[in-house]
Enquirer: 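Mind looking over this structure? Questions follow.
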Amino acid sequence: MDVKSGRIVECNAALQRTLGHAEDELRNRRIEEVFPEYQQLLERWRGAEFGGSSSVESPLRASNGNLIDSEVTLAQLQHSGRRLLCLVARDITLRKRAETEREDHRRSLEHLATHDPLTGLPNRLFLRDRLPDLLQQASAAGGSLALLFLDLDQFKAINDTRGHAAGDELLRETARRLRASIAGGDIVVRMGGDEFVLLVSDPGDRRNIVSVAQRVLDAMRQPLRIEDQSFTMSASIGVSVYPDDGADVESLLKHADIALYEAKSSGRDNSKFFRADMVHGRGERVALQQALRRAIGTEQIRVEYQPIYKLQTGELSSFEALVRWTHPEQGAIAPQHFIELAEQTGLIHALGEQILNMVVRQLAAWRSMGLQLKPVTLNVSPLQLARDSLTASIRRVAGQYAIDLTLLHVEVTETALMQEGGRHVAGLRQLRELGCKVLIDDFGTGYSNLAQLKNLPLDRIKIDRSLVNDMANDANDAAIVTAVASMAHTLGLEVVAEGVETAEQLLMLQQLGCAYGQGYHFARPMPPEDCIALLETALRSERGADARMRSLRLVPPPRRSQE
Ligand code: C2E
Ligand code: CA
Ligand code: CA
């Protein structure tokens, strides 16, 4: 370029080609026709020189009017007394494109990092990122903010029994329902697994928060269909409110989580506001845990036995072993409370081992008294099943006391059996081959269907006491019991009804052809010394058959065994 005239003196073929000009077409044209931002280019160049860089970006104009991104280097020359400027441009279109792609990529990575791909909801990171700002805003405006921590009640069971695809669909549906039940400005976050957090800005008074929670719980209760199967689900919610229950993200989340735990403990499908005394409850749990750790292996742990009868003949069939814990200060603690604690802390293995030992030793003691032994059913936690050592311990302990394995039965819950694609099944099959009968406990409360049972190593189904209990009043429960009984029979499985409390229930069960029954109508769980009389009667009635049918009310009216 000639500096004085501002016109092009010469250009190379590469420039003509890139811009789409014919040979010599550019000679004598104004420099702005090629470098439309020539003036800015000069200014930038001065700045660049000053800053020590050797090029600046400035677009080129093509013959069709399009702009091409380029990077330009300038050099001044003197030629035959003329001042010339040499501009060398490099086409950087590709590099630019790569840069925008990188930027898009960065943005989508950021989205991925802060959103959950399954539901599209913001995730935990997003919450940690944004919540401080929201709290700041609320504080500046003198307002409040409610944090609702939600957890699905039966997600694990559905995920385990129906497979992950169904589980995923359930989570997506949950996300949709949550979004639909809150206002547009409020935020739903998936914390992970089946945990969600709802942030409700400026909720006003507690009644409004209660009604949001209620709306969410109602929405969650609506039945849903996945792959042609219908489900009902429910959720539990713990609520913490800023600023009353915490000033920062950490404590608000922690307190909502504690409230959630309370909601779960009080029967699920409900919501609870955080209260300071709930923290205290946690401390008590820890104390109870330590007390349980000390109790295992001592006489604080005992076993009671509840008889199970053959419903057609009234014969004593077997016993169920039920663990008891007498806390040195607090007295009897219900198994529902400490079994869960034992499972959470891994103490269940030591506890289970102690129960197994006590039961086998008891059988040996009864034998030494000349009594005719009846099988005893052990309740086995899914965690024990997950360990390969269960089968080995049962064999070892039974061998030690020369107790036949046909005298030990194991009872596992429905959900435990369906877990992890039947990983536990191998151990149960082994036990069964050794003559140990396998029962499925609490049947009718989980999600498995009878067809799935066909492939499991099972001998008996124990119908849950909630169904048996309501059978006489609730036509629906009666229908379920009838269906379970008849299908179990076609699968060659025997049926045990638990929680038989009235003569009316007994009669219905007998008519259904239900083989075994257990419940307060016959006897409460009792200490082993009380079983002696039952075992003696059983022996006698086996000799004299007429005694059998006399009455199915085999023991005197229930006495409270422990409480
Ligand atoms: P489960 O296995 O379903 O045990 C039956 C429960 O129903 C027992 O409660 C028993 O006392 C109670 N029951 C028996 N007949 C009736 C009746 O006619 N009406 C009513 N309303 N209830 C009746 P318990 O002993 O409190 O045990 C509760 C749960 O604790 C058991 O439920 C079982 O899941 C767990 N558990 C008990 N012992 C053990 C054990 O040794 N190991 C494990 N892993 N869990 C145990
Ligand atoms: Ca049981
Ligand atoms: Ca049961």
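Only heavy atoms go into these numbers, but all of them, side chains included; no hydrogens, no water, no symmetry mates. Start at 1 and go down the list; that is how both ligands and their atoms are numbered.
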Enquirer: Any idea which of Ile308, Asp464, Val323, Leu378 brings a heavy atom closest to atom 39 (C) of ligand 1?
Expert: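 Shortest heavy-atom distance from atom 39 (C) of ligand 1: Val323.
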
Enquirer: Strictly below 4.0 Å, N to O, side chains only: are Arg396 and Glu353 in salt-bridge contact?
Expert: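 A salt bridge links Arg396 with Glu353.
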
Enquirer: Please indicate whether any nitrogen or oxygen in His521 is less than 3.5 Å from any nitrogen or oxygen in ligand 1.
Expert: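 For ligand 1, there is no N or O atom that lies under 3.5 Å from one belonging to His521.
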
Enquirer: Using a strict threshold of under 4.0 Å (side-chain N to carboxylate O), is an ion pair present between Lys156 and Glu195?
Expert: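 Here Glu195 does not pair with Lys156 in a salt bridge, since their nearest N and O are not under 4.0 Å apart.
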
Enquirer: Considering only heavy atoms of Gly519, which atoms of ligand 1 have at least one such atom less than 4.0 Å away?
Expert: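 Within the 4.0 Å cut-off of Gly519, ligand 1 contributes 15 (N), 18 (O).
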
Enquirer: Starting from atom 7 (O) of ligand 1, what is the nearest protein heavy atom, named by residue and atom, and what distance separates them?
Expert: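 Protein heavy atom with the smallest distance to atom 7 (O) of ligand 1: Arg465 NH1, 2.8 Å.
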
Enquirer: With a 4.0 Å cut-off on N to O distance, would you call Arg221 and Asp218 a salt bridge?
Expert: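 Yes, charged N to carboxylate O under 4.0 Å.
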
Enquirer: For Glu529, look at atom CD and say whether over 12 heavy atoms of other residues, nucleotides or ligands are found less than 6.0 Å away.
Expert: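 Yes, CD of Glu529 has more than 12 neighbouring heavy atoms, counting only those of other groups under 6.0 Å.
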
Enquirer: Please confirm whether Asn469 comes within less than 3.5 Å of ligand 1 when only nitrogen or oxygen atoms on both sides are compared.
Expert: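 For ligand 1, there is no N or O atom that lies under 3.5 Å from one belonging to Asn469.
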
Enquirer: Looking at Arg429 and Glu433, is any side-chain nitrogen of the basic one under 4.0 Å from a carboxylate oxygen of the acidic one?
Expert: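 No, no charged N to carboxylate O under 4.0 Å.
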
Enquirer: Looking only at protein heavy atoms, identify the closest one to atom 37 (C) of ligand 1 and say how far it is in Å.
Expert: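 In this structure, atom 37 (C) of ligand 1 has Leu322 CD2, 3.7 Å as its nearest protein heavy atom.
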
Enquirer: Specify the closest pair of heavy atoms between Asp153 and Ser236, including all atoms of both residues, with the distance to one decimal.
Expert: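 Scanning both residues completely, I find the closest heavy atoms to be OD1-OG, 2.7 Å.
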
Enquirer: For atom 18 (O) of ligand 1, grab the closest protein heavy atom and report residue, atom and distance to one decimal in Å.
Expert: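 Residue, atom and distance for the closest contact: Tyr520 N, 2.7 Å.
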
Enquirer: Just need the protein heavy atom nearest to atom 41 (O) of ligand 1, so name the residue and atom and give the distance.
Expert: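 Of the protein heavy atoms, Ile355 CD1, 3.3 Å lies nearest.
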
Enquirer: With only distance considered, is Asp441 within less than 3.5 Å of ligand 1 through an N or O on each side?
Expert: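 By distance alone, the answer is yes.
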
Enquirer: Below 4.0 Å from ligand 1: does a non-hydrogen atom of Ala334 turn up there or not?
Expert: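 The answer is no, since Ala334 has no heavy atom less than 4.0 Å from ligand 1.
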
Enquirer: Below a 4.0 angstrom heavy-atom separation, can you tell me which part of Lys462, side chain or backbone, both or neither, approaches ligand 1?
Expert: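 Neither part.
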
Enquirer: Which residue owns the protein heavy atom closest to atom 44 (N) of ligand 1, what's the atom, and how far is it?
Expert: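 Going atom by atom, the protein heavy atom closest to atom 44 (N) of ligand 1 ends up being Asn379 O, 3.6 Å.
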
Enquirer: Does atom NE2 of His337 have more than 12 heavy-atom neighbours, drawn from other residues, nucleotides or ligands, at distances under 6.0 Å?
Expert: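 Open.
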
Enquirer: Name the closest protein heavy atom to atom 30 (O) of ligand 1, giving the residue it belongs to and the distance to 0.1 Å.
Expert: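 For atom 30 (O) of ligand 1, the nearest protein heavy atom comes out as Pro335 CB, 3.4 Å.
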
Enquirer: Can you confirm whether something in the protein, heavy atoms only, sits under 4.0 Å from atom 27 (O) of ligand 1?
Expert: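 Under 4.0 Å from atom 27 (O) of ligand 1, at least one protein heavy atom found.
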
Enquirer: To the nearest 10°, what's the angle at the Ca ion (ligand 3) between atoms OE2 (Glu498) and OD1 (Asp441)?
Expert: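 The two atoms form an angle at the metal of about 120°.
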
Enquirer: Rounded at 0.5 Å granularity, tell me how far CD1 in Ile237 sits from CG in Asp151.
Expert: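 Answer for the CD1-CG pair, Ile237 versus Asp151, is 10.5 Å.
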
Enquirer: Relative to the heavy atoms of Val500, which atoms of ligand 1 are at a distance of less than 4.0 Å?
Expert: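 Numbered from 1, ligand 1 contributes 18 (O).
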
Enquirer: For side-chain hydrogen bond (donor to acceptor under 3.5 Å, both in side chains), just list the numbers for Glu320 and Gln518, CA-CA rounded to whole Å, side-chain angles, deciding distance to a tenth of an Å, and then say yes or no.
Expert: CA-CA 9 Å; Glu320 176 173 7; Gln518 162 186 14; 2.6 Å; yes

Enquirer: Counting backbone and side chain alike, does Glu411 bring an N/O/S atom below 3.0 Å of the Ca ion (ligand 3)?
Expert: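 No, Glu411 does not qualify, because none of its backbone or side-chain N, O or S atoms lies under 3.0 Å.
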
Enquirer: What's the atom name of the N, O or S in Glu320 nearest to the Ca ion (ligand 2)?
Expert: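 In Glu320, the N, O or S atom with the shortest distance to the Ca ion (ligand 2) is OE2.
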
Enquirer: For Asn379 and Ala321, work out which heavy atoms get closest and say how close.
Expert: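 Heavy atoms of Asn379 and Ala321 come nearest at ND2-O, 3.2 Å.
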
Enquirer: Is Thr377 close enough to the Ca ion (ligand 2) that one of its N, O or S atoms comes in under 3.0 Å?
Expert: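 No N, O or S atom of Thr377 is closer than 3.0 Å to the Ca ion (ligand 2), so no.
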
Enquirer: With no hydrogens and no angle check, is any side-chain donor or acceptor of Asn123 less than 3.5 Å from a backbone partner on Arg190?
Expert: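 Side chain of Asn123 to backbone of Arg190, a donor-acceptor pair under 3.5 Å: no, none is there.
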
Enquirer: Does the protein put any heavy atom within less than 4.0 Å of atom 32 (O) of ligand 1?
Expert: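 Under 4.0 Å from atom 32 (O) of ligand 1, zero protein heavy atoms found.
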
Enquirer: Pick one: which of Lys437, Lys462, Arg460 meets side-chain hydrogen bond (donor to acceptor under 3.5 Å, both in side chains) with Glu411?
Expert: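 Only one option passes, and that is Lys462.
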
Enquirer: So how far is it from Thr502 OG1 to Tyr520 OH, rounded to the nearest 0.5 Å?
Expert: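 So the gap between those two atoms works out to 14.0 Å.
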
Enquirer: Let me check your reading of the structure: within less than 3.0 Å of the Ca ion (ligand 3), is there an N/O/S atom from Asp442?
Expert: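 Under 3.0 Å: Asp442 contacts the Ca ion (ligand 3) through an N, O or S atom.
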
Enquirer: How far apart are the closest heavy atoms of Ala259 and Phe273, and which atoms are they?
Expert: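 The answer is CB-C, 3.9 Å.
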
Enquirer: When you measure from the heavy atoms of Glu320 to every atom of ligand 1, does any distance fall below 4.0 Å?
Expert: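 Yes; Glu320 lies near enough to ligand 1 that a heavy-atom distance drops under 4.0 Å.
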
Enquirer: When you measure from atom 21 (N) of ligand 1 to every protein heavy atom, which one gives the shortest distance, and what is it?
Expert: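 Looking at atom 21 (N) of ligand 1, the protein heavy atom closest to it is Glu501 OE2, 3.1 Å.
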
Enquirer: How about Arg176: does its CZ atom have over 12 heavy atoms from other parts shown lying under 6.0 Å from it?
Expert: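 Above 12, so yes.
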
Enquirer: Could you tell me whether some N/O pair between Asp442 and ligand 1 is separated by less than 3.5 angstrom?
Expert: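 Among all N and O atoms of Asp442, at least one is under 3.5 Å from an N or O of ligand 1.
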
Enquirer: How far is atom 11 (O) of ligand 1 from its nearest protein heavy atom, and which residue and atom name does that atom have?
Expert: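 Going atom by atom, the protein heavy atom closest to atom 11 (O) of ligand 1 ends up being Pro525 CG, 3.3 Å.
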
Enquirer: So, 4.0 Å and heavy atoms of Gln306: is ligand 1 close enough to count as a contact?
Expert: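 Distance cut 4.0 Å: Gln306 passes for ligand 1.
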
